[in-house]
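Everything on this sheet refers to the single structure shown next.
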Amino acid sequence: MTKIREAWGSRFGFILAAAGSAVGLGNIWKFPYIAGENGGAAFIFIYLVCIAIIGFPVLIAEVLIGRTTQRNPVGAFSALAKSKLWVSVGFLGVIAGFMILSFYSVIGGWTLGYVVETLKGSLSNFQSPDEAGTLFGSLVGNVSWGLGFHTLFFAMVMGIVIRGVQGGIERSSKIMMPILVSILVILIIRGVTLDGASEGLAFLWVPDWSKINGQAILIALGHAFFTLSLGMGAMLTYGSYMSKKDSVISSSAQIVFLDTLIAIMAGVAIFTAVFASGLDPAAGPGLIFQTLPAVFSTMPGGTYFSFLFFLLLAIAALTSAISLLEVVVAYFVDEKGWNRKGAVLIFGGSIFLLGVPSALSFNLLADAKIFDKTFFDVVDFLASNVLLPFGGLMIAVFVGWIWSTTAVLEAVKEGAEELFESYPWFEGIWMLFLKFVAPILITLVLLNSLGIV
């Protein structure tokens, strides 16, 4: 093909877009509740170590593959390896993006729905999390509510991606990410000024090592891997639009920093409010849609802060979702010669339709089980527990063992010459973690996800 491939308008735009991909519901929904279930500060410390030894090295590797080849996951592995085995690994990334977005959009729709419900006043009179849980059950059990907001969320995703890398993804990220951080700051200020907030801060910052066991470490390992959108081709695809003048290492470090900072900020905003209300910090997955609406109900100005919080969730879901659709679109644009508009409409529409049974898994199809799981649960399990860790493992193995070490180091030093001059030991440490530490630990994550360990 002779047409010029799209690229980021600036390094800053890439970092915001990639951070937006990483900053999703996992940071604001999952991270606070798994921290709550596993003892707060001690878990956060373990999580930060896991980010350093798995997340950062594998993120560098994934972005590097994309930037070096300037291709989508399939094209990238095809260019570097030629082997059908590795090309199939690229295909798994595209399939993972396809599957994850189908059910992720359903949850994204819920966040939009809760923004609307807050404005309607539906979330303002709860006396307990049980009442909020009842409302949540009735909302997701409503076919038109679930499908309607799934449709609206997906239309927003397609509307951004169809505008292209600079005009759609980069521009929207430059708008949404600052809004996301600003909302978090407002929620943190509100949280820390509540009576009893100090208990929430102590929960986050004073470690209780008695809560740390083998399972807690495996959970931290898994979340450190999943939070950075690794293994599904998103970071590889975003990396493929990078300029070769920009440093993969410093860009990856900034993405990790922003992702981790926002997760911890979300923890501060949530736990100060939860403790101030005397509710359970270990409420599990129900923390967001059951516990927090009850918290906001009892808080002065609660409707305003509830609106901001669910808007925050919706933005986080949207910035991640556009990266998932871009993985699929980039494949058809790069490899099949499709134009962007056609690829977005055809394959975005296909992903939307695959999401319909997931949306119906909470109402019409609730009793339709496959191996005792709903359709939503099956797609979630296959994508999150199998495809993602396997994809991440293959990236670590490929860059660490298959791709020529000389070529890898030459590629990673491009745009980062000053860093390697100042820290010549970095290449050895990075390759050590990539060759040995990351594959072993990701294998543990995969086995744990499958219930084997």
Side-chain angles (χ1 to χ4, degrees), residues 21 24-26 29 72-74 88-113 139-162 169 226 229 231-234 237 314 317-333 335-336 338 340-391 449:
S21 173
L25 294 174
W29 181 5
N72 62 88
V74 176
S88 67
V89 170
F91 269 114
L92 284 178
V94 176
I95 292 168
F98 200 102
M99 292 178 65
I100 293 169
L101 182 53
S102 72
F103 72 84
Y104 195 89
S105 174
V106 174
I107 305 172
W110 296 348
T111 67
L112 288 179
L139 289 174
V140 299
N142 183 313
V143 174
S144 59
W145 191 91
L147 277 181
F149 284 109
H150 167 54
T151 303
L152 176 61
F153 183 84
F154 214 96
M156 294 170 70
V157 173
M158 291 173 64
I160 291 170
V161 175
I162 207 167
I169 299 171
F226 294 126
S229 298
M232 58 186 175
T237 302
L318 192 56
T319 56
S320 291
I322 59 179
S323 71
L324 290 166
L325 181 55
E326 182 61 23
V327 173
V328 179
V329 169
Y331 166 71
F332 286 97
V333 171
E335 306 304 313
K336 303 300 181 183
W338 284 58
R340 174 172 288 272
K341 183 177 180 181
V344 170
L345 292 175
I346 297 296
F347 297 100
S350 301
I351 297 170
F352 165 77
L353 291 175
L354 181 63
V356 169
S358 288
L360 298 179
S361 293
F362 300 88
N363 36 71
L364 293 181
L365 299 181
D367 296 325
K369 301 293 179 71
I370 306 168
F371 300 114
D372 206 33
K373 292 179 182 291
T374 64
F375 186 87
F376 179 99
D377 292 333
V378 169
V379 178
D380 181 11
F381 178 83
L382 288 175
S384 304
N385 293 40
V386 180
L387 294 180
L388 286 194
F390 181 75
S449 296

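In this chain, residues are counted from 1 in sequence order.
Taking the six-membered ring wherever Trp is involved, the centroid distance between the rings of Y331 and F91 falls below 6.0 Å.
Between W338 and F332, the ring-plane angle classifies as perpendicular under the 30° and 60° cut-offs. Using cut-offs of 30° and 60° for the angle between ring planes, the F352 and H150 rings count as parallel. Taking the six-membered ring where tryptophan is involved, the planes of F376 and W110 are essentially parallel, since the angle between them stays under 30° and well short of 60°.
The heavy-atom pair separating I100 from M232 by the smallest distance is CD1-SD, 3.7 Å. Nearest heavy-atom pair, L147 versus A359, reported as atom, atom and distance to 0.1 Å: CD2-CB, 3.9 Å. Taking both residues in full, the closest heavy atoms of F153 and A314 are given as CE1-O, 4.2 Å, listed atom of the first, atom of the second, then distance. Summarising the geometry of V329 relative to A343, their closest heavy-atom pair is CG1-CB, 4.1 Å, with the distance given to 0.1 Å. The minimum heavy-atom distance between G93 and V327, with the atom names listed, is O-CG1, 4.0 Å. Residue V106 comes nearest to S358 through the heavy atom pair CG2-CB, 3.9 Å, listed as atom of the first residue, atom of the second, then distance.
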Chi angles and distances behind the side chain to side chain contact (heavy atoms under 4.5 Å, CB included) call for L354, F375: CA-CA 10 Å; L354 181 63; F375 186 87; 3.8 Å; yes
Take V379 and S102 through the test side chain to side chain contact (heavy atoms under 4.5 Å, CB included) and record every step on the way to the result. CA-CA 8 Å; V379 178; S102 72; 3.8 Å; yes
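Panel note: side chain N72, backbone V328; no donor-acceptor pair is recorded below 3.5 Å. Counting only distance, with no hydrogens or angles, the side chain of S350 and the backbone of I346 share a donor-acceptor pair below 3.5 Å. A donor-acceptor pair under 3.5 Å links the side-chain atoms of S320 to the main chain of S21, judged by distance alone. The closest donor-acceptor contact from the side chain of Y104 to the backbone of L25 lies under 3.5 Å.
M99 contributes atom CE, which lies 5.5 Å from atom CG of L387 (distance to the nearest 0.5 angstrom). L101 contributes atom CG, which lies 9.5 Å from atom CZ of F103 (distance to the nearest 0.5 angstrom). L365 contributes atom CG, which lies 9.5 Å from atom CD1 of I370 (distance to the nearest 0.5 angstrom). Taken to the nearest 0.5 Å, the CG atom of L324 stands 10.0 Å off from the OG1 atom of T237. Note that CG of N142 is 7.5 Å distant from CG of L139, once rounded to the nearest 0.5 Å. The CD1 atom of I160 sits 8.5 Å away from the CD1 atom of I169 when rounded to the nearest 0.5 Å.
More than 12 heavy atoms of other residues, nucleotides or ligands sit less than 6.0 Å from atom CZ of F381.
When the side-chain hydrogen bond (donor to acceptor under 3.5 Å, both in side chains) test is applied to D380, the partners found at least two apart in sequence or on another chain are S384.
Within the structure, no pair that satisfies the salt bridge (charged side-chain N to carboxylate O under 4.0 Å, His left out) test touches residues 352-369, not counting sequence neighbours.
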